[in-house]
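Here the structure comes first, spelled out in structure tokens, and everything after it is commentary.
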Amino acid sequence: MDIGVISVRYARALLKSATEQKLDDAVYQEMQLLAKSYVDVQQLRQTIDNPMLSKDKKEALLLTAVGGEPTPLTRAFISLVLREDRESVMQFIANSYVTLYRQQKNIIRGRLITAARVSPETEKKMRQMVESKTNGTVEFESEVNPDIIGGFILEYDTYRMDASVKSKLNSILNQLKK
């Protein structure tokens with residue numbers, strides 16, 4: 001069976017159960033942390049996939065990766081995944097849960113890249129602008145990248161607005177080359 005199909009089925013079941021128990025927000029935070037743990041600690045995947053490691057140690061590692069003291073639902077879910085020998089798809093399950101949760105709650109990810117740090121008020125205005133255009137909630141991420149020289153780059157959903165000085169200079173340079 002396909003890893004994508006398996007992970008989405010497990011993630012859907014977890015989301016349904018979490019929604020019924022009104023734990024969907026807490027489980028969302030835990031699954032984000034688990035997905036981030038897999039990215040930040042690359043040995044985690046190799047360790048979890050190791051058949052020589054006992055299920056108890058794998059469970060302890062996964063519980064630590066979701067923040068140490070997870071909700072009872074997340075604890076039970078991790079036990080279920082281990083019991084069913086599906087620990088090799090746990091990273092994909094976490095990512096699928098995050099995606100499904102965002103779809104269910106109409107959450108859009110947005111990113112603002114600027115040459116210098118912007119004030120919280122400016123960031124709030126950009127978030128509100130994106131929320132008004134998308135009719136959804138925006139998880140906003142700000143990033144400072146001095147390479148763009150000035151201006152900003154705004155990305156959300158499939159939209160990208162590049163109002164950086166670097167892109168304007170590149171545009172002028174391309175026009176001069178013609």
Side-chain angles (χ1 to χ4, degrees), residues 1-113 123-124 126-127 130-131 133-145 153-160:
M1 197 174 236
D2 185 24
I3 289 174
V5 173
I6 294 168
S7 63
V8 169
R9 284 184 181 166
Y10 274 84
R12 266 199 199 114
L14 178 59
L15 181 59
K16 183 178 181 196
S17 185
T19 303
E20 288 170 359
Q21 296 180 34
K22 303 209 183 325
L23 293 171
D24 51 339
D25 297 336
V27 173
Y28 173 63
Q29 298 298 323
E30 293 167 349
M31 289 299 121
Q32 279 187 307
L33 191 55
L34 179 60
K36 187 176 181 331
S37 294
Y38 270 102
V39 171
D40 293 347
V41 184
Q42 296 184 351
Q43 298 88 354
L44 179 60
R45 182 173 180 81
Q46 296 164 343
T47 306
I48 295 298
D49 288 349
N50 184 350
M52 301 302 289
L53 194 65
S54 71
K55 299 279 185 191
D56 292 338
K57 289 185 179 176
K58 289 180 183 184
E59 184 172 3
L61 272 172
L62 289 171
L63 292 174
T64 301
V66 297
E69 210 32 66
T71 60
L73 177 62
T74 300
R75 184 180 292 276
F77 181 75
I78 289 172
S79 294
L80 170 74
V81 169
L82 290 168
R83 197 169 47 251
E84 297 295 323
D85 293 323
R86 297 291 192 186
E87 62 267 22
S88 62
V89 294
M90 193 66 202
Q91 179 180 10
F92 303 104
I93 293 170
N95 286 322
S96 295
Y97 181 92
V98 168
T99 301
L100 291 169
Y101 177 89
R102 286 180 178 149
Q103 287 172 351
Q104 179 176 307
K105 301 283 186 173
N106 195 21
I107 297 173
I108 292 114
R109 296 195 66 202
R111 191 166 85 153
L112 177 64
I113 304 167
E123 190 176 315
K124 183 179 178 184
M126 294 297 264
R127 179 183 289 114
V130 173
E131 285 177 349
K133 291 198 180 295
T134 61
N135 295 323
T137 307
V138 176
E139 280 185 355
F140 219 63
E141 194 178 294
S142 289
E143 184 180 317
V144 175
N145 182 352
I153 300 171
L154 177 66
E155 300 173 333
Y156 65 89
D157 211 13
T158 58
Y159 179 78
R160 177 181 166 99

Nearest heavy-atom pair of [X] and [Y]: which atoms, and what distance?
{"X": "Leu34", "Y": "Met90", "result": "CD2-CE, 3.6 Å"}
{"X": "Met126", "Y": "Leu154", "result": "CE-CD2, 4.2 Å"}
{"X": "Asp24", "Y": "Tyr101", "result": "O-CE1, 3.5 Å"}
{"X": "Arg75", "Y": "Pro70", "result": "NH2-CD, 3.9 Å"}
{"X": "Glu131", "Y": "Gly136", "result": "CG-O, 3.2 Å"}
{"X": "Gly110", "Y": "Tyr156", "result": "CA-CB, 4.0 Å"}

Check whether any side-chain heavy atom of [X] lies under 4.5 Å from a side-chain heavy atom of [Y], and answer yes or no.
{"X": "Ile107", "Y": "Val138", "answer": "no"}
{"X": "Arg83", "Y": "Leu80", "answer": "yes"}
{"X": "Ile48", "Y": "Leu62", "answer": "yes"}
{"X": "Met31", "Y": "Leu14", "answer": "yes"}
{"X": "Val89", "Y": "Tyr10", "answer": "no"}

Whether the [X] and [Y] side chains hold a donor-acceptor pair (N or O, under 3.5 Å, no angle test) is what I'd like checked.
{"X": "Glu59", "Y": "Ser79", "value": "yes"}
{"X": "Tyr28", "Y": "Gln32", "value": "yes"}
{"X": "Asn95", "Y": "Tyr38", "value": "no"}
{"X": "Thr99", "Y": "Ser96", "value": "no"}

Check against side chain to side chain contact (heavy atoms under 4.5 Å, CB included), Thr19 and Gln104: CA-CA 10 Å; Thr19 303; Gln104 179 176 307; 3.5 Å; yes
Candidate pair Ser54 and Lys58, rule side chain to side chain contact (heavy atoms under 4.5 Å, CB included), full reasoning: CA-CA 6 Å; Ser54 71; Lys58 289 180 183 184; over 6 Å; no
From [X] [atom1] over to [Y] [atom2], what is the distance, rounded to the nearest 0.5 angstrom?
{"X": "Tyr159", "Y": "Lys133", "atom1": "OH", "atom2": "NZ", "result": "7.0 Å"}
{"X": "Gln103", "Y": "Leu15", "atom1": "CD", "atom2": "CG", "result": "10.0 Å"}
{"X": "Leu53", "Y": "Leu61", "atom1": "CG", "atom2": "CG", "result": "6.5 Å"}
{"X": "Ser142", "Y": "Leu112", "atom1": "OG", "atom2": "CG", "result": "5.0 Å"}

Closer than 3.5 angstrom, by distance alone: can the side chain of [X] be matched with the main-chain N or O of [Y] as a donor-acceptor pair?
{"X": "Thr134", "Y": "Val130", "result": "yes"}
{"X": "Ser7", "Y": "Ile93", "result": "no"}
{"X": "Asn50", "Y": "Met52", "result": "yes"}
{"X": "Asn106", "Y": "Asn135", "result": "yes"}

Side chain to side chain contact (heavy atoms under 4.5 Å, CB included) between Glu30 and Leu33, worked out: CA-CA 5 Å; Glu30 293 167 349; Leu33 191 55; 5.6 Å; no
Working for salt bridge (charged side-chain N to carboxylate O under 4.0 Å, His left out), residues Asp85 and Lys55: CA-CA 9 Å; Asp85 293 323; Lys55 299 279 185 191; 2.4 Å; yes
Residues Thr71, Thr74; criterion side chain to side chain contact (heavy atoms under 4.5 Å, CB included); working and verdict: CA-CA 5 Å; Thr71 60; Thr74 300; 2.9 Å; yes
Criterion salt bridge (charged side-chain N to carboxylate O under 4.0 Å, His left out) against Glu139, the qualifying member of Lys105, Arg102, Arg127: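 Among Lys105, Arg102, Arg127, the one meeting salt bridge (charged side-chain N to carboxylate O under 4.0 Å, His left out) with Glu139 is Arg102.
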Over 12 foreign heavy atoms within 6.0 Å of CD, Glu20: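 For Glu20, atom CD is crowded (more than 12 foreign heavy atoms under 6.0 Å).
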Among Glu143, Arg111, Arg160, side-chain contact (heavy atoms from CB on, under 4.5 Å) partner for Ile153: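 Filter result, single survivor: Arg160.
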